[in-house]
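Structure record follows, encoded as structure tokens.
Throughout, numbering of the chain's residues begins at 1 and tracks the sequence.
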Amino acid sequence: MNETPDPAILRVRLLRPGARIPERQSALASGFDLHACLEGGSIELGASPQLVPTGIAVAAPEGLDVQVRPRSGLASRGVLAVLGTLDADYRGELFVTMYCLPSGGEGGRYVIEDGERIAQLVVGQLAPAAFEVVEDLDATERGAGGHGSTGR
């Protein structure tokens with residue numbers, strides 16, 4: 001029988017009225033939705049990246065990899081959140097960098113409303129890693145081919 005390990009605890013501080021704790025939308029979702037906290041207002045996105053406030057600060061335990069990722073529902077409409085990492089020692093407000101593709105939204109513009117789900121917070125385990133300088137790397141079939149070398 002597989003036992004579910006105890007969940008890691010991420011401490012959340014609500015910084016403004018209307019701020020919401022990240023939450024899963026289904027029992028098996030891997031991400032916790034982040035909400036815009038605009039104090040009753042809105043932000044219009046265009047092609048230039050903008051920081052969208054969430055109204056929360058999060059303290060992640062050391063050893064966790066906490067990432068901000070786009071929501072597929074918004075991405076399918078050309079509204080993108082930039083992938084970001086929440087470091088374990090950061091204590092400031094969590095902002096999501098967002099923009100709208102020229103062909104997305106309503107003619108390349110999209111209005112984010114207060115409380116709207118704008119991105120996901122995904123939590124993983126960090127692998128301990130170190131770097132070692134060597135003279136050569138082992139050969140592989142792919143070699144140095146990159147940026148589309150394995151196909152589209």
Side-chain angles (χ1 to χ4, degrees), residues 1-131 142 145-152:
M1 171 171 31
N2 290 339
E3 288 189 30
T4 304
D6 290 334
I9 303 298
L10 284 81
R11 296 185 329 260
V12 177
R13 182 173 171 214
L14 303 177
L15 301 174
R16 286 193 296 280
R20 296 174 62 175
I21 297 170
E23 58 187 338
R24 287 189 168 116
Q25 295 301 306
S26 70
L28 298 179
S30 62
F32 297 82
D33 282 349
L34 292 170
H35 297 82
C37 185
L38 306 173
E39 300 187 45
S42 62
I43 291 179
E44 184 174 326
L45 299 177
S48 297
Q50 291 192 59
L51 295 177
V52 179
T54 64
I56 64 172
V58 178
E62 184 178 349
L64 292 185
D65 178 23
V66 182
Q67 296 182 4
V68 174
R69 297 187 188 174
R71 287 192 60 236
S72 59
L74 287 176
S76 69
R77 296 184 292 191
V79 181
L80 301 178
V82 176
L83 179 68
T85 298
L86 180 65
D87 293 316
D89 57 352
Y90 178 66
R91 294 296 181 269
E93 183 171 3
L94 180 58
F95 288 87
V96 177
T97 304
M98 299 186 75
Y99 64 98
C100 189
L101 296 174
S103 60
E106 296 291 323
R109 311 218 64 75
Y110 183 83
V111 176
I112 298 287
E113 300 291 344
D114 184 38
E116 184 173 347
R117 295 180 297 150
I118 56 171
Q120 296 185 74
L121 203 61
V122 176
V123 181
Q125 206 68 46
L126 277 175
F131 294 91
R142 180 177 181 178
H147 300 283
S149 67
T150 61
R152 298 187 125 208

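The shortest distance between side-chain heavy atoms of Ile118 and Ile112 falls below 4.5 Å. Contact check for Leu86 versus Val68: no side-chain heavy atoms found under the 4.5 Å cut-off.
Under the 3.5 Å distance criterion, the side-chain polar atoms of Thr54 are matched with a main-chain donor or acceptor of Leu94.
Every residue two or more places apart in sequence or in another chain was checked for a side chain to side chain donor-acceptor pair (under 3.5 Å) with Asp114, and none qualifies. Qualifying side chain to side chain contact (heavy atoms under 4.5 Å, CB included) partners for Ala59, counting only residues two or more places apart in sequence or in other chains: Arg11, Arg91. For Pro61, the side chain to side chain contact (heavy atoms under 4.5 Å, CB included) partners are Leu10, Leu64, not counting sequence neighbours.
Pairs engaging residues 56-72 under the side-chain hydrogen bond (donor to acceptor under 3.5 Å, both in side chains) rule: Asp65-Gln67, Gln67-Arg69 [sequence neighbours left out]. Pairs passing the side-chain hydrogen bond (donor to acceptor under 3.5 Å, both in side chains) check and including a residue from residues 81-90, sequence neighbours excluded, do not occur.
When all heavy atoms are compared, the tightest approach of Pro70 to Ala81 is CG-O, 3.1 Å. When every heavy atom of Ala57 is checked against every heavy atom of Gly92, the shortest pair comes out as CB-O, 3.5 Å.
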From CA spacing to verdict: side-chain contact (heavy atoms from CB on, under 4.5 Å), Val82, Met98: CA-CA 6 Å; Val82 176; Met98 299 186 75; over 6 Å; no

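For the atom pair Cys100 SG and Gln50 CD, the distance stands at 10.5 Å (nearest 0.5 Å). Here Leu80 contributes atom CG and Leu74 contributes atom CG; the two are 9.0 Å apart, rounded to the nearest 0.5 Å.
More than 12 non-hydrogen atoms from other residues, nucleotides or ligands lie less than 6.0 angstrom from OH of Tyr110.
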Result block: side-chain N/O donor-acceptor pairs under 3.5 angstrom for residues 31-39, not counting sequence neighbours:
residue, atom, partner, partner atom, Å
Asp33, OD2, Arg117, NH1, 2.8
Glu39, OE2, Arg16, NE, 2.8

Please set out all donor-acceptor pairs under 3.5 angstrom arising from side-chain atoms of residues 40-48, sequence neighbours excluded.
residue, atom, partner, partner atom, Å
Glu44, OE2, Arg109, NE, 2.4

Donor-acceptor contacts, no H, no angles, side chain residues 18-25, under 3.5 Å, sequence neighbours left out:
residue, atom, partner, partner atom, Å
Arg20, NH2, Glu23, OE2, 3.0
Arg24, NE, Ala29, O, 2.7

